[in-house]
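So you know, we letter chains A, B, ... as the sequences are listed, proteins then strands, and number each from 1.
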There are 2 protein chains.
Amino acid sequence: MCLVSTSNGTRRRPGRFPRARRTTPRRTRYHHGDLRDALLKAAVELVEELGPDGFTLREAARKVGVTHTAPYRHFADRDALLVAVAEEGFQGLHAAALARLAGLTEPRQRLQALGIAYVEYAVAHPSHFRVMHGGVADACSDPAFVQAKAATFGLLIEIVGACEAAGLIPAGSVPRYALSAWATVHGLADLLMSGAAHRMGLADGSVEAIAREVTANVISGLRTP
Amino acid sequence: MCLVSTSNGTRRRPGRFPRARRTTPRRTRYHHGDLRDALLKAAVELVEELGPDGFTLREAARKVGVTHTAPYRHFADRDALLVAVAEEGFQGLHAAALARLAGLTEPRQRLQALGIAYVEYAVAHPSHFRVMHGGVADACSDPAFVQAKAATFGLLIEIVGACEAAGLIPAGSVPRYALSAWATVHGLADLLMSGAAHRMGLADGSVEAIAREVTANVISGLRTP
DNA sequence: CCTACCGATCGGTAGG
DNA sequence: CCTACCGATCGGTAGG
């Protein structure tokens, strides 16, 4: 039988593992916003170790060195903390995309740059990425979250729209191509994050190089203008 | 705040929800293999409702109508049941792919058919698909599981290899194109399963039609022979 | 931000 | 396949 329960840390459930004792020294006091930030950071680390479902408020508190009820001063409940992570994630992804797009005007180059930014962000911030696309974010209507998400998605539509305007894709096919482009980088991100691509011997080179190659294949499917 | 804890069923943690009482009448007795199959089926349903991490052995037992220790007669532990689901999944995907490939000889058609089968299988069997790519399966060395997984992956390599032989892709680029093709359908599967594609207005039409369009975009990036 | 507590699970073992 | 149990969590509330 596969000894997954001990060889990976994806899950954490009552009564299966002894809980690690406090590793971080307890701070004497937290200033305004200090504990909030510390909890956010702890949450990101825990999601990376245990997955979004394995994350618990109590362990985040433990990690930061406060009582398990202290987080309720800053977050209404467990999901609120995860939503904050997701929001931070969309803002970070948006910023990373803008940085990669800076100075590029040619639609195909921009589409590729957006894709590379997407994959790079996911691999560099797997916890954020997973929470962004997890169940917590799905039903969320938090304004800041929704705004950050829409802005990022807007970049994709804008760039594919520019491809259409340039005659690189058939008129009216923006949704189809947007979905194709998104699916490709989204899947690549997942296959790289999970290690599946590597296990199958398909992930040689840097993340950027891999993303560049894979997105190039998508680009090459466009018309010549 | 986002009321995710009540609006979606992705998670299940101690003390958050009242547990539903037995809905299935308790069987008087199970024949050999009968309970095993019933537990497998229950596990699939539970993963669909709660995700792989939310699945518990106790709830599966409850759903089937036996004591929470009865499953240990058929599965060594919780992970063993999930591995069985993953194995069933890879066998199902492999069979679905073979069915779609039957009669097709042209490499591009075969690549597209494989991709469509992948996406259709994922959408039709989301629980299996999630478990197949989840943490439980990663570290698993169960022979039947490994074999079913390798057979499915082998189809991809074989078909992309045929594309190479036909001059549709540059010599030596099988890994790169295999990764591209896989990433695209893997990402599409995820975006369709999670509802993200639909929420963004990018998922009009049947799953087959969407998968056909998206894979067509990949195919169009190949050389003309 | 803390102490004390509650109700509800869970995975797993002992022993039949 | 069942009864009885154990140890370990968890999210959350009361009340300060």
- Of Thr69(B) and Arg58(A), whose closest DNA chain D nucleotide lies nearer the 5' terminus?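 The residue whose closest nucleotide sits nearer the 5' end is Thr69(B).
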- Message: Closest-nucleotide mapping onto DNA chain D: is His68(A) or Arg73(A) further toward the 5' terminus? I mean the 5' end.
- Response: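 Counting from the 5' end, the first nearest nucleotide belongs to His68(A).
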- Query: How about Tyr118(B) and Phe129(B): are their ring centres within less than 6.0 Å of each other?
  - Reply: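 They qualify: ring centres under 6.0 Å apart.
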Has [X] got a side-chain atom pairing as donor or acceptor with [Y]'s backbone, closer than 3.5 angstrom?
| X | Y | answer |
| --- | --- | --- |
| Arg58(B) | His68(B) | no |
| Thr67(B) | Ala70(B) | no |
| Gln112(B) | Arg212(B) | yes |

How many Å lie between [atom1] on [X] and [atom2] on [N], as a whole number?
| X | N | atom1 | atom2 | result |
| --- | --- | --- | --- | --- |
| Phe55(A) | dT9(D) | CZ | C1' | 15 Å |
| Arg62(A) | dC1(C) | CZ | C1' | 17 Å |
| Asp77(B) | dT13(C) | CG | C1' | 14 Å |
| Asp79(B) | dG12(C) | CG | C1' | 13 Å |
| Leu57(A) | dG12(D) | CG | C1' | 10 Å |
| Arg78(A) | dG11(D) | CZ | P | 6 Å |
| Asp53(A) | dT9(D) | CG | P | 19 Å |
| Phe75(A) | dC1(C) | CZ | C1' | 15 Å |

- Arg199(B) atom CZ: more than 12 heavy-atom contacts under 6.0 Å: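 Count over threshold, so yes.
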- Nearest heavy-atom pair of Val131(A) and Leu82(A): which atoms, and what distance?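 Here Val131(A) and Leu82(A) meet closest at CG1-O, 3.3 Å.
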- Query: With respect to the phosphate group of dG12(D), does any side-chain polar atom (N or O) of Tyr72(A) fall under 4.0 Å of OP1 or OP2?
  - Reply: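 True: Tyr72(A) side-chain N/O within range (under 4.0 Å) of dG12(D) OP1/OP2.
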- What stem regions, each of at least 3 consecutive Watson-Crick or G-U pairs below 3.5 Å, can be found for DNA chain C?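 For DNA chain C the paired stretches long enough to count as stems (3 pairs minimum) are C:1-16 with D:1-16.
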- Item | Qualifying residue, where the test is side chain to side chain contact (heavy atoms under 4.5 Å, CB included) with Ser127(B) and the options are Leu50(B), Val85(B), Val44(B) |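 It is Val44(B), the one option of Leu50(B), Val85(B), Val44(B) that forms the side chain to side chain contact (heavy atoms under 4.5 Å, CB included) with Ser127(B).
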